[in-house]
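Reviewing the structure listed below.
The first residue of the sequence shown is numbered 1, and numbering continues consecutively from there.
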Amino acid sequence: MMNTLFNLAAADGISGFEFSLQEQVCKLLSSYCTSVEADVMGNVVGIIPAADPKAPKVMLEAHIDGIGLMVSGISEEGFLSFVPVGGVDSAILSGTEVRVYGREILFGVIGAKPPHLQTGGAKEATKISEMVIDVGLSAETVRKKIAVGDMVCFAQKTESLNDLVVSGKSFDDRAGFISLLLCLESLKDKTLPFTLYVVAAVQEEVGLRGAAMVSERLAPDCAFVVDVCHGDTPDGGSESIFKLGSGAVISFGPNIHPYLSTLAKDMAKKENIAVSYDADGGDTGTDAWAVQVAKAGIPVLLLSIPLRYMHTTVETLHYDDVCAVGSLISAMLQNLDLEALACTYQN
């Protein structure tokens, strides 16, 4: 499964262009699900039906889109200007290698003015509007191969820093999707009293859109959302920062249904699964928010994987945390009482 994580993270597919991932995701889900479908926007849903067609519905969800860039213009010299897709920090871009999805896939680099030619004292990071992508071709050739609106993906490879700590791009949130596959693997011989929908959602990085679409259509009785949270770094502080290798992070707060967070806490203790707790005083900024407010309201739980250097090309995580999330969801599904959940807010 770690190899699957490497392959999935290395694949391209930024928000709005997830179609390049669709076949790979469908194939992964088909190993566990009775049927797999993709909607017109690119969301992929694997379905494991209950014996009773009127059984309740439970949704597992992680988004598969990543941040990236999009071509916005071509200069007279053949350089490409670009705009960000999702939360891209300009400070990470100088010297970055990219793939440009034009009429063919072209390799490019985002250059920077060398220090020898810079004048004055310390300067702020170069603005995205002042950067260009160099594909090493003449302007005439570039215009034949590339057009405004073409997708640009980071070309960073996934690497192991040691046996369990890995670094690369797009772990946010393809690592979350891997945790769902790990959960499904552990449930292969189990029968659940509800229909299970496993969702790989699109366009989270630009507004939680895929989760909103799927939740409106499926209207599950409850949902488990997996995303990443901030891992520990020397300058990270302590609030909502979690140590790599510390396990799954369980969120509490108004975005989270109390029955589900309590069940997560209880199952972690019972099954000896490593966890930490995060207090989210408002919405969580994740797909859990879009799911919760869909239809008449959907009870939702957010579980997170600690991740260093979020929204860079060297996102870093501990594989044990991915496994902990998968194990916790599996334990919860086998002990989920939807009647008790429904009665939580009733007198």
Side-chain angles (χ1 to χ4, degrees), residues 58-63 65 67 86-87 171-177 179-180 183 199 201 203-212 214-215 220-233 235-269 273-311 315 317-318 321-322 324-329 331-333 336 341 344-345:
V58 174
M59 182 174 79
L60 312 182
E61 190 266 4
H63 73 86
D65 60 308
I67 62 169
F171 287 153
D172 175 12
D173 180 36
R174 294 173 196 170
F177 180 71
S179 72
L180 299 186
C183 170
V199 177
Q203 297 197 32
E204 188 271 353
E205 300 291 1
V206 292
L208 318 182
R209 297 172 185 173
V214 169
S215 299
D221 293 277
C222 75
F224 298 72
V225 172
V226 181
D227 210 322
V228 295
C229 59
H230 294 289
D232 59 321
T233 57
D235 58 350
S238 59
E239 186 175 354
S240 294
I241 303 294
F242 300 92
K243 183 177 178 61
L244 264 62
S246 62
V249 178
I250 304 171
S251 286
F252 295 82
N255 192 179
I256 309 302
H257 196 282
Y259 169 85
L260 294 174
S261 56
T262 300
L263 179 62
K265 188 175 181 179
D266 291 345
M267 287 298 102
K269 183 177 181 180
I273 299 169
V275 294
S276 299
Y277 305 127
D278 190 16
D280 290 301
D283 79 73
T284 57
T286 69
D287 279 343
W289 173 246
V291 173
Q292 183 194 30
V293 299
K295 289 291 186 178
I298 297 170
V300 65
L301 174 70
L302 174 65
L303 298 175
S304 301
I305 300 165
L307 182 76
R308 290 177 183 153
Y309 324 123
M310 194 182 299
H311 283 203
E315 294 179 335
L317 58 75
H318 196 296
D321 299 334
V322 181
V325 170
S327 296
L328 184 54
I329 297 174
M332 291 184 68
L333 290 177
L336 181 61
L341 182 153
T344 301
Y345 291 121

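With a 4.5 Å cut-off on side-chain heavy atoms, V228 and F171 do not count as touching. Between V226 and I329 there is a side-chain heavy-atom pair separated by less than 4.5 Å. Counting heavy atoms from C-beta on, the side chains of C183 and L333 come closer than 4.5 Å. Within the 4.5 Å cutoff, the side chain of M332 has heavy atoms near those of the L301 side chain. Using a 4.5 Å heavy-atom cutoff, the side chains of L180 and F224 are not in contact.
Taking every heavy atom of both residues into account, P299 and L341 meet most closely at CG-CD2, 3.5 Å. The nearest pair of heavy atoms linking L328 to A268 is CD1-N, 3.8 Å. In terms of heavy atoms, E61 sits closest to A201 at OE2-CB, 3.1 Å. Residue V214 comes nearest to V199 through the heavy atom pair CG1-CG2, 3.7 Å, listed as atom of the first residue, atom of the second, then distance. Of all non-hydrogen atoms in C229 and V249, the two that sit nearest each other are SG-CG2, 3.7 Å. Listed here is the closest heavy atom pair of C222 and L260: CB-CD1, 4.4 Å.
A side-chain contact (heavy atoms from CB on, under 4.5 Å) with I250 holds for exactly one of V325, V275, T262; it is V275.
Listed by first and then second residue, the ring-ring contact (aromatic ring centres under 6.0 Å, His included) pairs involving residues 276-301 are F252-Y277 (not counting sequence neighbours). For residues 281-310, the pairs satisfying salt bridge (Lys or Arg N to Asp or Glu O under 4.0 Å) are D232-R308, with sequence neighbours left out.
Contacts of A324 classified as side-chain contact (heavy atoms from CB on, under 4.5 Å), with partners at least two apart in sequence or in another chain: A248, I273. Remark: A223 engages M59, V291, I298, V300 in a side-chain contact (heavy atoms from CB on, under 4.5 Å) (not counting sequence neighbours). Y259 meets the ring-ring contact (aromatic ring centres under 6.0 Å, His included) test with no other residue; sequence neighbours excluded. The side-chain hydrogen bond (donor to acceptor under 3.5 Å, both in side chains) test applied to D221 returns no partner, not counting sequence neighbours. Listed by chain and number, the residues in a side-chain contact (heavy atoms from CB on, under 4.5 Å) with A331 are M267, E271 (sequence neighbours excluded). Taking the side-chain contact (heavy atoms from CB on, under 4.5 Å) definition, one finds that S246 meets it with F242, K243, S276, P306, sequence neighbours left out. For S251, the side-chain hydrogen bond (donor to acceptor under 3.5 Å, both in side chains) partners two or more places apart in sequence, or in a different chain, are D280. Every residue meeting the side-chain hydrogen bond (donor to acceptor under 3.5 Å, both in side chains) condition with H311, not counting sequence neighbours, appears here in chain and number order: D172, E205. By the side-chain hydrogen bond (donor to acceptor under 3.5 Å, both in side chains) test, D65 is found to be paired with S15, H63, residues two or more places apart in sequence or in another chain being considered.
A donor-acceptor pair under 3.5 Å is absent between the side-chain atoms of S215 and the main chain of A212, judged by distance alone.
Atom NE2 of H257 has more than 12 neighbouring heavy atoms from other residues, nucleotides or ligands inside a 6.0 Å radius.
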(message) Working note: L302 + N255, criterion side-chain contact (heavy atoms from CB on, under 4.5 Å); need CA distance, chi angles, decisive distance, verdict.
(response) CA-CA 9 Å; L302 174 65; N255 192 179; 5.9 Å; no
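Rounding to the nearest 0.5 Å gives a distance of 9.5 Å between CG of L307 and CG of D227. Taken to the nearest 0.5 Å, the NE2 atom of H318 stands 13.0 Å off from the CD1 atom of I305.
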